[in-house]
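For reference, positions follow the sequence shown, starting with 1.
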Amino acid sequence: MNEELKESIMGALELVIDPELGIDIVNLGLIYDLKMDDEGNLTVDMTLTAMGCPLAGTIVDQVKRALADIPEVKDTEVNIVWNPPWNKDMMSRYAKIALGIK
(Lines give C-alpha, C1' and ligand atoms only; values in the text may rest on other atoms or scores of the structure.)
Protein backbone atom coordinates (compact mmCIF):
# COMPACT_ATOMS: atom_id res chain seq x y z
CA MET A 1 0.00 0.00 0.00
CA ASN A 2 1.39 3.38 -0.93
CA GLU A 3 1.83 6.21 1.56
CA GLU A 4 -1.01 8.28 0.08
CA LEU A 5 -3.51 5.45 0.54
CA LYS A 6 -2.24 4.80 4.07
CA GLU A 7 -2.75 8.49 4.90
CA SER A 8 -6.29 8.34 3.49
CA ILE A 9 -7.06 5.29 5.62
CA MET A 10 -5.61 6.87 8.76
CA GLY A 11 -7.54 10.07 8.02
CA ALA A 12 -10.77 8.08 7.78
CA LEU A 13 -9.95 6.30 11.04
CA GLU A 14 -9.57 9.68 12.76
CA LEU A 15 -13.35 9.95 12.37
CA VAL A 16 -13.83 6.96 14.69
CA ILE A 17 -14.22 8.32 18.20
CA ASP A 18 -13.70 6.20 21.30
CA PRO A 19 -17.10 6.68 22.98
CA GLU A 20 -15.68 6.55 26.51
CA LEU A 21 -12.80 8.98 26.02
CA GLY A 22 -14.17 11.21 23.24
CA ILE A 23 -10.88 11.09 21.28
CA ASP A 24 -10.34 9.39 17.92
CA ILE A 25 -8.72 5.97 17.79
CA VAL A 26 -5.72 7.19 15.77
CA ASN A 27 -4.69 9.86 18.28
CA LEU A 28 -5.30 7.43 21.12
CA GLY A 29 -2.67 5.16 19.51
CA LEU A 30 -5.06 2.24 19.09
CA ILE A 31 -4.15 1.48 15.44
CA TYR A 32 -1.16 -0.86 15.34
CA ASP A 33 -0.95 -2.03 11.72
CA LEU A 34 -2.65 -1.85 8.32
CA LYS A 35 -2.23 -4.54 5.65
CA MET A 36 -3.92 -4.65 2.26
CA ASP A 37 -3.79 -7.44 -0.30
CA ASP A 38 -3.94 -7.03 -4.08
CA GLU A 39 -7.73 -7.48 -4.09
CA GLY A 40 -8.32 -4.52 -1.75
CA ASN A 41 -8.95 -6.54 1.41
CA LEU A 42 -7.73 -4.44 4.31
CA THR A 43 -6.76 -5.86 7.69
CA VAL A 44 -6.62 -3.42 10.59
CA ASP A 45 -4.74 -4.56 13.69
CA MET A 46 -5.84 -2.44 16.60
CA THR A 47 -6.26 -2.58 20.33
CA LEU A 48 -8.61 -1.05 22.86
CA THR A 49 -7.82 0.97 25.94
CA ALA A 50 -9.05 -1.84 28.20
CA MET A 51 -9.71 -5.57 27.90
CA GLY A 52 -13.37 -6.43 28.07
CA CYS A 53 -14.40 -3.07 26.64
CA PRO A 54 -18.19 -3.29 26.27
CA LEU A 55 -18.06 -1.04 23.20
CA ALA A 56 -15.60 -3.16 21.19
CA GLY A 57 -18.28 -4.25 18.70
CA THR A 58 -19.41 -0.67 18.19
CA ILE A 59 -15.87 0.53 17.54
CA VAL A 60 -15.23 -2.30 15.05
CA ASP A 61 -18.44 -1.40 13.18
CA GLN A 62 -17.43 2.27 13.11
CA VAL A 63 -14.00 1.36 11.70
CA LYS A 64 -15.61 -0.64 8.89
CA ARG A 65 -18.07 2.17 8.12
CA ALA A 66 -15.32 4.82 8.11
CA LEU A 67 -13.29 2.84 5.57
CA ALA A 68 -16.21 1.92 3.30
CA ASP A 69 -15.95 5.23 1.41
CA ILE A 70 -12.34 4.64 0.33
CA PRO A 71 -12.56 3.20 -3.21
CA GLU A 72 -9.41 1.07 -2.91
CA VAL A 73 -10.77 -0.70 0.19
CA LYS A 74 -13.09 -3.49 -0.93
CA ASP A 75 -13.45 -5.24 2.44
CA THR A 76 -12.19 -4.60 5.96
CA GLU A 77 -11.29 -7.08 8.67
CA VAL A 78 -10.56 -5.72 12.14
CA ASN A 79 -8.30 -7.74 14.45
CA ILE A 80 -8.41 -6.72 18.09
CA VAL A 81 -4.99 -7.51 19.54
CA TRP A 82 -3.58 -7.09 23.04
CA ASN A 83 0.13 -7.17 22.28
CA PRO A 84 1.73 -4.82 22.83
CA PRO A 85 -0.57 -3.71 25.65
CA TRP A 86 -1.90 -0.19 25.13
CA ASN A 87 -0.69 2.53 27.47
CA LYS A 88 -0.99 6.32 27.62
CA ASP A 89 2.46 6.79 26.07
CA MET A 90 0.98 5.59 22.75
CA MET A 91 -1.31 8.62 22.57
CA SER A 92 -0.48 11.62 20.43
CA ARG A 93 0.36 14.95 22.01
CA TYR A 94 -3.10 16.15 20.95
CA ALA A 95 -4.85 13.30 22.81
CA LYS A 96 -2.77 13.84 25.93
CA ILE A 97 -3.58 17.56 25.97
CA ALA A 98 -7.28 16.90 25.34
CA LEU A 99 -7.42 14.42 28.22
CA GLY A 100 -5.20 16.48 30.55
CA ILE A 101 -2.45 13.84 30.68
CA LYS A 102 1.16 14.91 31.13
Solution key, residues 64-79 side-chain donor-acceptor pairs under 3.5 Å, sequence neighbours excluded:
from	atom 1	to	atom 2	distance (Å)
K74	NZ	P71	O	2.7
N79	ND2	D45	OD1	3.1

According to a hydrophobic-cluster definition based on side-chain heavy atoms being under 4.5 Å apart (Ile, Leu, Val, Met, Phe, Trp, Tyr only), do L30 and L15 belong together?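 No, no single cluster joins them.
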Would you list the pairs meeting salt bridge (Lys or Arg N to Asp or Glu O under 4.0 Å) in which at least one residue belongs to residues 11-33, sequence neighbours left out?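 Every pair satisfying salt bridge (Lys or Arg N to Asp or Glu O under 4.0 Å) with a residue in residues 11-33: D33-K35.
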Side chains of residues 6-13: which donor-acceptor partners sit under 3.5 Å, not counting sequence neighbours?
from	atom 1	to	atom 2	distance (Å)
S8	OG	E4	O	3.2

Taking the side chain as every heavy atom from C-beta outward, state whether [X] and [Y] have any atom pair closer than 4.5 Å.
X   : Y   : value
V26 : S92 : no
M91 : W86 : yes
M46 : I80 : yes

Working to the nearest 0.5 angstrom, can you tell me the gap between L48 CG and L55 CG?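 Rounded to the nearest 0.5 Å, the CG-CG separation comes to 9.5 Å.
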I would like to know whether V44 and Y32 meet side chain to side chain contact (heavy atoms under 4.5 Å, CB included); could you show each step before the answer? CA-CA 8 Å; V44 178; Y32 285 175; over 6 Å; no
Candidate pair M1 and L34, rule side chain to side chain contact (heavy atoms under 4.5 Å, CB included), full reasoning: CA-CA 9 Å; M1 150 180 12; L34 302 170; 3.9 Å; yes
Identify all side-chain donor-acceptor contacts of residues 94-102 below 3.5 Å with residues at least two apart in sequence or on another chain.
none

List for me each residue that meets side chain to side chain donor-acceptor pair (under 3.5 Å) alongside T58, sequence neighbours excluded, and say none if there are none.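 By the side chain to side chain donor-acceptor pair (under 3.5 Å) rule, T58 matches no residue at all.
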Shortest non-hydrogen separation from M90 to P84 and the atoms involved: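 Shortest heavy-atom contact: CE-CG, 4.0 Å.
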